[in-house]
Amino acid sequence: MTPAAFPSIDAFPERPAPLEEACAAGPRDMAAVLRFALSRRIEGDARPILITATRAWLSEYGRPYGPGLPGLSLILAPVNTAVEALWALEQALRSGAVSLALGAVDAATLTQTRRLDFAAKQGGCVGLVLPRGLDGLSAARRRWRISTLASAVDPDDARAPGALRLTAELVRGRGERPGAWMLEQDDETHRLRLADRLAGDGLAAISHAGAPSGLAA
């Protein structure tokens, strides 16, 4: 593929692919991963969101707090094993009953991710696998590495924390160039948007040099 065939590098891919992957850059970045993953649903899709994970994973990282995510309807499906999580994720995607299905599944095989990709297309929804790393082959169209950043400054109080911010690094994109973007939460829409200081050019080449990391919000 020639360079001209790639989309503009400063264009953050806001519309999600049927199947994507997102992992935390470090142990303290999981909250940012979940915030990023929740934002990958198609805007305006009112169907609920399903999250499936093993009980061990939920014990390690905690359970998502639904009331803290206004406007979203969450279905939590705890399971005992990664095999059960894969099954729950595939069934949710295939059913078409959800807008987005997240699965905390590590080391899924190429065949397994192909099944998830097909199920997401069949159900007309979005699937996101949340592995511990991005090693190995995957059918996911995009693979992301997420890092927590210091929050923005509160516009009304410089001493108070402002909007949540994170770095989304596109490690692999089918037909897309890798890149990194600083995103922040929009308190009105409860979705992520490009941070104001990057609104003009979009791309922040910060992850490649090692993005700063902090405590997850």
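Residues: numbered from 1 along the sequence shown.
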Kindly write out the residues that satisfy side-chain hydrogen bond (donor to acceptor under 3.5 Å, both in side chains) with Thr52, not counting sequence neighbours, or none if the list is empty.
none

side-chain hydrogen bond (donor to acceptor under 3.5 Å, both in side chains) partners of Ser73, counting only residues at least two apart:
none

Could you check whether any side-chain heavy atom of Val126 comes within less than 4.5 Å of a side-chain heavy atom of Ile42, counting everything from C-beta outward?
yes

List, one per line, each side-chain donor-acceptor pair under 3.5 Å for residues 130-137, sequence neighbours excluded.
unit_1	atom_1	unit_2	atom_2	d
Arg132	NH1	Tyr61	OH	3.2
Arg132	NH2	Glu60	OE1	3.1

Sequence-distant partners of Arg142, salt bridge (charged side-chain N to carboxylate O under 4.0 Å, His left out), two or more places apart:
Glu20, Glu176

Using the salt bridge (charged side-chain N to carboxylate O under 4.0 Å, His left out) criterion, which residues pair with Arg47? Sequence neighbours excluded.
Asp45

Would you say Arg63 and Leu76 make side-chain contact, with heavy atoms under 4.5 Å?
yes

Residues that Asp106 engages under salt bridge (charged side-chain N to carboxylate O under 4.0 Å, His left out), provided they are two or more places apart:
none

Is the Phe12 ring parallel, tilted or perpendicular to the Trp144 ring (thresholds 30°, 60°)?
tilted

Flag the pair Thr167 / Trp181 as yes when at least one side-chain heavy-atom distance between them is below 4.5 Å, and no otherwise.
no

State, without any angle test, whether Glu169 and Ser147 hold a side-chain donor-acceptor pair at a distance under 3.5 Å.
no

Does any N or O in the side chain of Glu84 come within less than 3.5 Å of the main-chain N or O of Asn80, such that one atom is a donor and the other an acceptor?
yes

Identified salt bridge (Lys or Arg N to Asp or Glu O under 4.0 Å) counterpart of Glu21 within the set Arg174, Arg145, Arg143, Arg141
Arg143

Short N-O contact, Asp186 and Arg191, less than 4.0 angstrom
no

